[in-house]
Structure formats: structure tokens, C-alpha cells
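If you read the sequence from its start, that first residue is 1, and numbering goes on from there. Hydrogens, waters and symmetry mates play no part in the numbers below; they use all other heavy atoms, side chains included.
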Amino acid sequence: MAYSFVAGVILRERLPAFERMLWRACRGNVFLRQAMIESPLEDPSNGDNVYKSVFIIFFQGDQLKTRVKKICEGFRATLYPCPEAPSDRREMAMGVMTRIEDLNTVLGQTQDHRHRVLVAAAKNLKNWFVKVRKIKAIYHTLNLFNLDVTQKCLIAECWVPVLDIETIQIALRRGTERSGSSVPPILNRMQTFENPPTYNRTNKFTNAFQALIDAYGIASYREMNPAPYTIITFPFLFAVMFGDLGHGSIMALFGLWMVLKEKPLAAKKSDNEIWNIFFGGRYIIFLMGCFSMYTGLIYNDVFSKSLNIFGSHWRINYNTSTVMTNKVLQLDPGTEDYLQYPYPFGMDPVWQVAPLNKIIFQNAYKMKISIIFGVIHMIFGVMVGLCNHRYFKNKMAIYCEFIPQIIFLVFLFFYMVLMMFIKWVRFSASNDGAFSENCAPSILITFINMVLMKSVDWDPETDICSPYMFSGQAALQKFLVIVAVLCIPWMLLAKPILIARSRKNEHHQPIVPVENGDAENGLNAQSAVAQQAPAGGHEEEEEMSEIYIHQGIHTIEYVLGSISHTASYLRLWALSLAHAQLSEVLWNMVLQVGLKQDGWVGGVVLWVVFAFWAILTVGILVLMEGLSAFLHTLRLHWGDNVYKSVFIIFFQGDQLKTRVKKICEGFRATLYPCPEAPSDRREMAMGVMTRIEDLNTVLGQTQDHRHRVLVAAAKNLKNWFVKVRKIKAIYHTLNLFNLDVTQKCLIAECWVPVLDIETIQIALRRGTERSGSSVPPILNRMQTFENPPTYNRTNKFTNAFQALIDAYGIASYREMNPAPYTIITFPFLFAVMFGDLGHGSIMALFGLWMVLKEKPLAAKKSDNEIWNIFFGGRYIIFLMGCFSMYTGLIYNDVFSKSLNIFGSHWRINYNTSTVMTNKVLQLDPGTEDYLQYPYPFWYGSRVAGGTTQ
């Protein structure tokens, strides 16, 4: 019998399984030869490159031919006809080559034609985009309209700025004329009780600043918009941190270039998100650069160097030999070394050559101006709130919120600012006695003593330097602190008490409709007492408990915020210091290397070094430091109910009746029948009441029946949940399988741990026996070129530690798993920070309780996410507690106390009178005070009120 054959191609990764299936299905009665196709082929379905192999299969008989073709179809192999005669094969090959050449010719011509068509279409592409966007905008707007009852007119309700009403009317009339419509458009102003949305009119200059404000929150309607003030405050606070004339000029030039090239750059329509952010904030960048140049002149800082424009006001009176032989010399501002009047503008350039105390001087200056600008900025924010309260005529907010807030802020923090100016003015090196530079008190210490009301021991007869700056300062500070503390209950209780009293006096307040869209009347034109009720009076009054809670949160937020925000403004000093020091490091470590070289070699080195310095300056100091200062500046600036009414309409005539009904249908009103005679209305009302009572009875019985059914079902609910989850798991697993070509067997490829292969085979055989199937399952190991996934075998103890490692990243296959070592290192490092025998025992007991009660706690299946995190890490918590107990013993710390188990190895050799009359005594470890050998296990116990280690 002659041999038959089939030929085709198949995916390379399917070839091993294809060979095994042919061998088993045909019982070894076929012969397969295959060769790899080196170049990748393009998949026509998705365009991906795939690697395939060509194969030819020899066999005998039609039965084997049918079986081989089915297997090829199952493995999605592509079969091609191949004649048996060599001449026919050569002729077919020539025909295929001819067809390929023809197709290549056709493809080339098609590409040329497509290119010409696309080039012609590209000329009109921009206009088409504009037209399509206009059409989409029109249809999007029309989709917001509603059809009236006649299905011929479109009706819409929208908010319109009052200043734009005339412009909209003109646009509507122009649209009617151009469309040739005979129906004129109608624009009516409606009365509403809703608060209008906030609309802030912007232009290309103010748009970016408004976006910064809107990113934090949008002001309510008619509230003062802080964006115009941000145009000055934002770049100024940025410049305080970024002050450098050189870096600021780079930023200003970049912003100016984008402003001048605005139209051509905007026409490019770039999709680069970073560039769009820069271009959108071009005016902000330009102003930040200009302000940074100004503050750079104030700091006298240009790429970490100074400008000596007016000449230094300090003089060096040392001779040449003294200057050359001493690295450090001191200039006294109280002598002829200083001209006794300051540098005309900014800092004196002499500080640039004072490396030892330059940072100390600049730190003191920048720290103080940071607090000054911060307090002024916060006071300005409170004053903006006053403008809002006055506009809305909200006297309650003025008396109960603004006044105590401004008193608290001024009496504490603005007083600290005043002390800074008093210190600058009154104390000088040219003064003698109590007002010399040595007697200047610390502002920080004075403020802390003021808040703590701590009296300072000072004897004017023996001590020339006074801790106070002026007479009566101690009494004034106590008065200011007492008044500031009294402002806290004022803010907390005054407003809720007044609201409660007004509700008692006015049990009913009529609704006064207000035209919210009217620019002249404004919003909230009612009395100030109505603040506790929402605008329009349609919503229910807020409960007094919620008012007290809200006011308490508001008070705590303001008091704590005033303290934290004042400290937060110190970031102005910190960022300015970091920027100046980083700039100086780049100059000294990079550019100075090139400047020190001599000759032509120095020129080449300077050329290379300058390029490197310029890249670092722009990349780090301008971009990265600029972004950091921008974010910190942004941080400093960021501090449907459907109403239904019951109505009745009186009218005369059937025509009016029809018209009224249509209007009601258009507004989706629900109509109910109502008899004209009073007796009929009473009878109808009685019938409605009877029906309502019957319905309530039926509903009650239905609820009782439903309750009994649910109680009966609840007994089996747990078992049903278990069964459903098992069935879902089975079906989920089966969905991962594929049907073979006979549609009778399921085939799946998966990764299995080698140690679990025997277990899986046993489980498959057991499942086959229980299901009564006669087809045995087959589990074969496949060859693959893919890296296996990582599987780390865990138990309930190691699972939480493995989760900690996997949260960072999963190790590659066969790499060492660090989780076992984490079982020791993680709780130990935690215990080093948490070491306390008492606190550690609490944590260990909590973890031990969860471990011992593991099964009942796990059976509860809590939905509380925090509890699930604690329970999942119960073994970690237990070990952290045990290790913390150990380190607590090492530190000898039990709730901040010590254990004296072995007795202290220090001895007190002072007599009783010495111990009683001295607060501090010193023990010498080189004498008999110490036993000369350490404490057996941990730190020594407490001796004489102090801890000896």
C-alpha cells in the first residue's frame, strides 16, 4: 500500500505536545519530520510576530489520514496541499512564487495610492477636526435639552452668569437668523432656592492660578475668590525658598520664552503631558523666576556667589601679615570694623567670605522672616473670611468666629513677630549695658516661657542682662495668654448657644424666596440667624448635637492648625538653606575644579567641567529644587436632594383643563382624582384611609411571614454558602480547561510543584472513582522554555512573613527566599525600637490570645478590614511582643521604670545631709562608687533619682 502524507505549519511551542498526541493517537504508525522557520511570521489576526515550524506526516490508510487531520485541527495547525509528483511540486512552487511577486506589486501600488490619498486628506484634516468637534459640542449640548409635550421644542435649564445674559440673547438671535427659523428663542430667568455653582471668570494669565486654587477646593457662590491674591503670594513664597539671582533668571527666561512664543507653541497641540503642564503654567513660571531674582538680590546670592555693587560696609583693619598668617579673623560690629549703617540693598557681600558663621547668620535671618511671612499670610486668610461674613451679613460668624480667631492669632503669634522687630531695633553691638548684643534674649525661649506662664528668676542688681525686652513685658504676656486661652471656649460654645437660643425664640420662620442668580440681590439675604439652616429654608434644621460636634471640630482644627501652620512656614527657611548649600556644593566641588587649572589644559578642563556644572544646575537646582519649592508653596496655600411639593391648580373651561394637564405631564407631575362636592371628598378621604389601614395590615402579615421564612432559611444558610463556594471554585477551575477536538475531554496546562505531583495523581484517581467515570485521567509533564512561577510553600505561621516579603517583590524561580530569615530579623528590629517589658507583654498577650483562639476567631469571618489585618499577623504580633519583652529587659525598662533584681553595682558614699541638700551628685566609676564589674544582664537600676549606665 502506498504512503500518504500531509504537510503544514504549526506554532513552535505546540510542536512537542503535537508530536506526543500523534504518537499516542496513531499508536506509533505515523512518521513526522519537522523543521523550524527561522524568520518570524506575522499573525493576521493581531499583527504579532510568531515563530512556526513546518512539518510533514507520513501514514498509511484513510483512517489514519482522518485521525491525523483532526489532530492538526485540534492543535490549530495550518495544512497546505502538496502534490505527490516532483514535477507537480515544482510547478506549484513556481506558481506560488509568481503569485507572491504579483501580490508584492499590488501591495506596492496600493501603498503608493494610499500615500497620495492620505497626503491630499492631510491638508483638510485640521478643518475636519474643527468641524467634527463643533458638531460633537452641538450634539452634546442638545442632548442636555428636554423635548416639550408637543415634541417640537427643546427646553433646558442652566446657570448663566448675569453679565453674559445679553451676549447669550444676541447669540440666540443670530443663530435663529442664520438657520432661517420662524420660531424665536425664549430666554427666561427662573426663581430657584438652589445655590448657584461658582463661576470665576479667568483669562490666559489668571487661569493657571485659578487652577491651583480649584485643585484644593472651589469657593462657594459669592465667596471671595483667593486666586487674585495668589498671583502675588504664590510666586513670592516660592521665591523665598528659591532665592537665587542666577537660577531665577534661568526660570524667568524659560517662562518668558513660552509667553512670547505662546501662539506657535499652542498651535502644535503636543500630547506630552509634562510639556503641557509647563506650558499651561508659563505665567506662573515667569513670575516665580522674576520673584526669585528679587529675593536672590535680597540674599545677595548668584550661583552661590555674591555681588559687591555698593561696596561692603565692613572694613579689615588688620595688617597684611596678620591676614596672611591667620585662617580665621574676627570683625567686631561695635568698632570701626563696621560703618554703623547697613548695606543699601540686601545682604552685605562680606558674608560670602565668612564660612564659619555665614550659615548661623543666614539661618537666624531666614528663620525669622519665614515666621513673619507665615503669620502675616495667616492673618490675611482670616481677614478674607471677614470679608465673606460681611458680604453675607453673617454677624453671628463675625462675633463668634472671626473675633476670637483674630484675637488668638494676634495675641500669640503676631506678638512673637513684634518681639522679633523689637529685638532687631533695640539690641545692637554698638549699644552698651542691657541692650548690647550679648543681652539679647532668645525669641523662642521667651515665647515658650510665655505660653507656659513660667516666671524667670532675675535679679536686676546682680545681672545686667534682662530676660525681658521692655518693662511690663511679663504682665503683658500673661494677659495675652489668658485672653488667647479664653478665645477657645468662645469659639467652641458661643455660636451653638446663640443658635439654640434663637430656635427657642423663633419656632417658625417664613420662607423668603431669593433670586440666587440676581447680581444685585445676592445670596443669603436673610437674617444672620438663618445660617444654621441651609439656603432657601427647604432642608430640615440641623440637630444641635451635630452643630456642637461641627463647632468642636472647627475649633480644634483652628487652634491646632494655627500652631502647626506657624511651624509649617519654617519650610521657607529650610528649603532656602538647602538650595543655597546645594548651590555652593556644586560650585566648590564641580566648577571650582575647572577654574583652578592653568594654561591651555585649564581651558579644556573648564569647558568640560562647565558643561557638567550647567547640566547639574539646570537639572537639580532649577528643575528638581524648583519642583520641590513649588510643591511646598502649594502646601502653604492649601489650608441631590429632590424637593417635592403638593400643589392644586384652579382653572375654568375644558381648553384650559387640557392645557394644564399637558403642562403637568411635561413637568412629570402626578395627578390624582378629586371630587368637586365636599361630601364626596370626605367620603373619598375615608375610603383612602380604610385602604391604607388594610394595606398596613397586609404589609404587617407579609413581614411576619417573611421573617419566619428567613429565620428558617438562616439555619441552612451557612451550609448553602459552603456548597455555593465549592461549586463556584469547581466551575472556576473547569473554565480554565480547554475541550479537545472530540469535545469530550478537558485539557489544561498548568504549573505544579514537583513534590505535589504524586498527591495530585492520587486526587485525580479518587475523583474518577467517586464520579464513576470509565476514562482515567492523564497527567503528563511537558517541556517548556518559559521560566516557572515562584511558589513558596507556607503554613499559618510563615504565611504572614511571606506576605511581607511578597508585598515588596516576589523572588525569581529558584532564588533564595528571604522570608525564613525575616521571622527573626523583623520582630528583632521592631523590638530594638519598641523595647519595653510592659508594653511588649501587652502586645505578646494580645498576639497569644489570637493564636490560642485561632479557630473560633477565624470562623467568625469578620468584614472589618483592620481586624483582619491584626488577625492575619497574629504570629508576627506575638513574636514582636516577645522580642520587645527581651529588649525591654536589656534596656531595663518597664513602663519607664527599672527592675532592681540583682541589686545595683553602684554605691552612694555621700552622707545623708549631702544627699538631701544636693539635687545632683556625681558617682565616679574609678573609685569605690562602682563595684568594677557590670550588671549581670541589663542596665543598672535607678540610683538617687538618676539612671547610671
Side chains of Asn319 and Thr322, donor plus acceptor under 3.5 Å: yes
For Asn326 against Leu329, the heavy-atom pair lying closest together: CB-CD2, 3.7 Å
Validation row, ring centre Phe291 to ring centre Phe238 under 6.0 Å: no
Phe310 and Tyr343 aromatic ring geometry - parallel, tilted or perpendicular at 30°/60° bounds: perpendicular
Parallel, tilted or perpendicular: rings of Phe413 and Phe447 (30°, 60°): tilted
Residue pair Pro333 / Trp314, side-chain heavy-atom distance below 4.5 Å: yes
Under the salt bridge (charged side-chain N to carboxylate O under 4.0 Å, His left out) test, residues paired with Glu625 that sit two or more places apart: none
Residue Tyr808 excluded, over 12 heavy atoms near OH under 6.0 Å: no
Test item: Pro344 and His313 side chains (from C-beta on) under 4.5 Å apart, heavy atoms: yes
Ser562 side-chain N/O to Tyr558 backbone N/O, donor-acceptor pair under 3.5 Å: yes
Output field: ring centroids Trp613/Phe303 closer than 6.0 Å: yes
Euclidean distance, Ile360 CD1 relative to Trp351 CH2, rounded to 0.5 Å: 9.5 Å
Leu621/Leu616 under side chain to side chain contact (heavy atoms under 4.5 Å, CB included): CA gap, chis, key distance, verdict: CA-CA 7 Å; Leu621 289 177; Leu616 293 179; over 6 Å; no
Exam field: side chain Thr295 to backbone Ser292, donor-acceptor pair closer than 3.5 Å: yes
Ser436 and Asn438 side chains, donor-acceptor separation under 3.5 Å: no
Reported CD-to-CG distance for the pair Glu42 and Asn49, which is rounded to 0.5 angstrom: 6.5 Å
Heavy-atom neighbours of Phe205 CZ exceed 12 at 6.0 Å: yes
Side chain to side chain contact (heavy atoms under 4.5 Å, CB included) between Phe630 and Leu212, worked out: CA-CA 11 Å; Phe630 179 89; Leu212 292 177; 3.9 Å; yes
More than 12 heavy atoms of other groups within 6.0 Å of Ile359 CD1: no
Donor-acceptor under 3.5 Å (Asn431 side chain, Phe427 main chain): no
Donor-acceptor contact present, side-chain Asn276 to main-chain Ser270, <3.5 Å: yes
Side chains of Lys126 and Lys269 in contact at under 4.5 Å (non-hydrogen atoms): no
Under 3.5 Å: donor-acceptor pair, side chain of Ser312, backbone of Asn308: no
Neighbour count above 12 (heavy atom, 6.0 Å) for Phe414 CZ: no
Spacing of Leu570 atom CG and Ser576 atom OG [to the nearest 0.5 Å]: 12.5 Å
Pairwise side-chain contact, Leu591 with Leu606, heavy-atom cut-off 4.5 Å (strictly under): yes
Heavy-atom pair of closest approach, residues Leu636 and Tyr569: O-OH, 3.8 Å
Within-4.5 Å side-chain heavy-atom neighbours: Ile298 and Tyr365: yes
Minimum-distance pair of heavy atoms, taken over all atoms of Pro349 and Leu307: CB-O, 3.8 Å
Phe234-Phe209 aromatic ring centre distance below 6.0 Å: no
Phe254 and Met251: CA distance, side-chain angles, deciding distance, side chain to side chain contact (heavy atoms under 4.5 Å, CB included) verdict: CA-CA 5 Å; Phe254 176 60; Met251 184 175 290; 5.7 Å; no
Expected output: side-chain Thr230 to main-chain Pro226 donor-acceptor under 3.5 Å: yes
Closest non-hydrogen atom pair between Thr446 and Pro441, with its separation: OG1-CB, 4.1 Å
Main-chain N/O of Gln352 paired to Ser306 side chain as donor or acceptor, under 3.5 Å: no
Aromatic ring pairing Phe242/His579, orientation class (parallel under 30°, perpendicular over 60°, tilted between): tilted
Side chain to side chain donor-acceptor pair (under 3.5 Å): pairs with one or both residues in residues 204-214, sequence neighbours excluded: Asn203-Thr206, Lys204-Glu262, Gln210-Asp214, Gln210-Asn225
Student check: side-chain heavy atoms of Ile443 and Met416 closer than 4.5 Å: yes
Heavy atoms from other residues, nucleotides or ligands near CG of Asp112 exceed 12 (cutoff 6.0 Å): yes
Donor-acceptor contact below 3.5 Å, side chain Lys366 vs main chain Leu572: no
Tyr338 side chain to Leu331 backbone, donor-acceptor under 3.5 Å: no
OH (Tyr318) with more than 12 external heavy atoms under 6.0 Å: yes
Leu245 CG to Tyr294 OH distance, which is reported to the nearest 0.5 Å: 13.0 Å
Atom CZ of Phe345 with >12 non-hydrogen neighbours under 6.0 angstrom: yes
Atom pair CE (Met241) and OG1 (Thr633), whose distance is rounded to the nearest 0.5 Å: 3.0 Å
Side chain to side chain contact (heavy atoms under 4.5 Å, CB included) between Arg315 and Glu336, intermediate numbers included: CA-CA 7 Å; Arg315 297 292 180 263; Glu336 295 179 355; over 6 Å; no
Test item: His377 side-chain N/O and Phe373 main-chain N/O as donor-acceptor pair under 3.5 Å: no
pair Tyr821-Met816: side-chain heavy atoms closer than 4.5 Å: yes
Non-hydrogen atoms of Ile274 and Asn272 that approach each other most closely: N-OD1, 3.0 Å
CZ/Phe361: more than 12 non-hydrogen atoms of other groups inside 6.0 Å: yes
Residue pair Asp348 / Asn300, side-chain donor-acceptor N/O under 3.5 Å: no
Interatomic spacing from CG in Leu595 to CD in Gln592 - rounded to 0.5 Å: 7.0 Å
Beyond-backbone contact of Trp275 with Met258, side-chain heavy atoms, under 4.5 angstrom: yes
Over all atoms of both residues, closest heavy-atom pair of Asp332 and Asp337: N-OD2, 3.0 Å
Aromatic plane relationship, Phe421 with Trp424 - under 30° parallel, 30 to 60° tilted, over 60° perpendicular: perpendicular
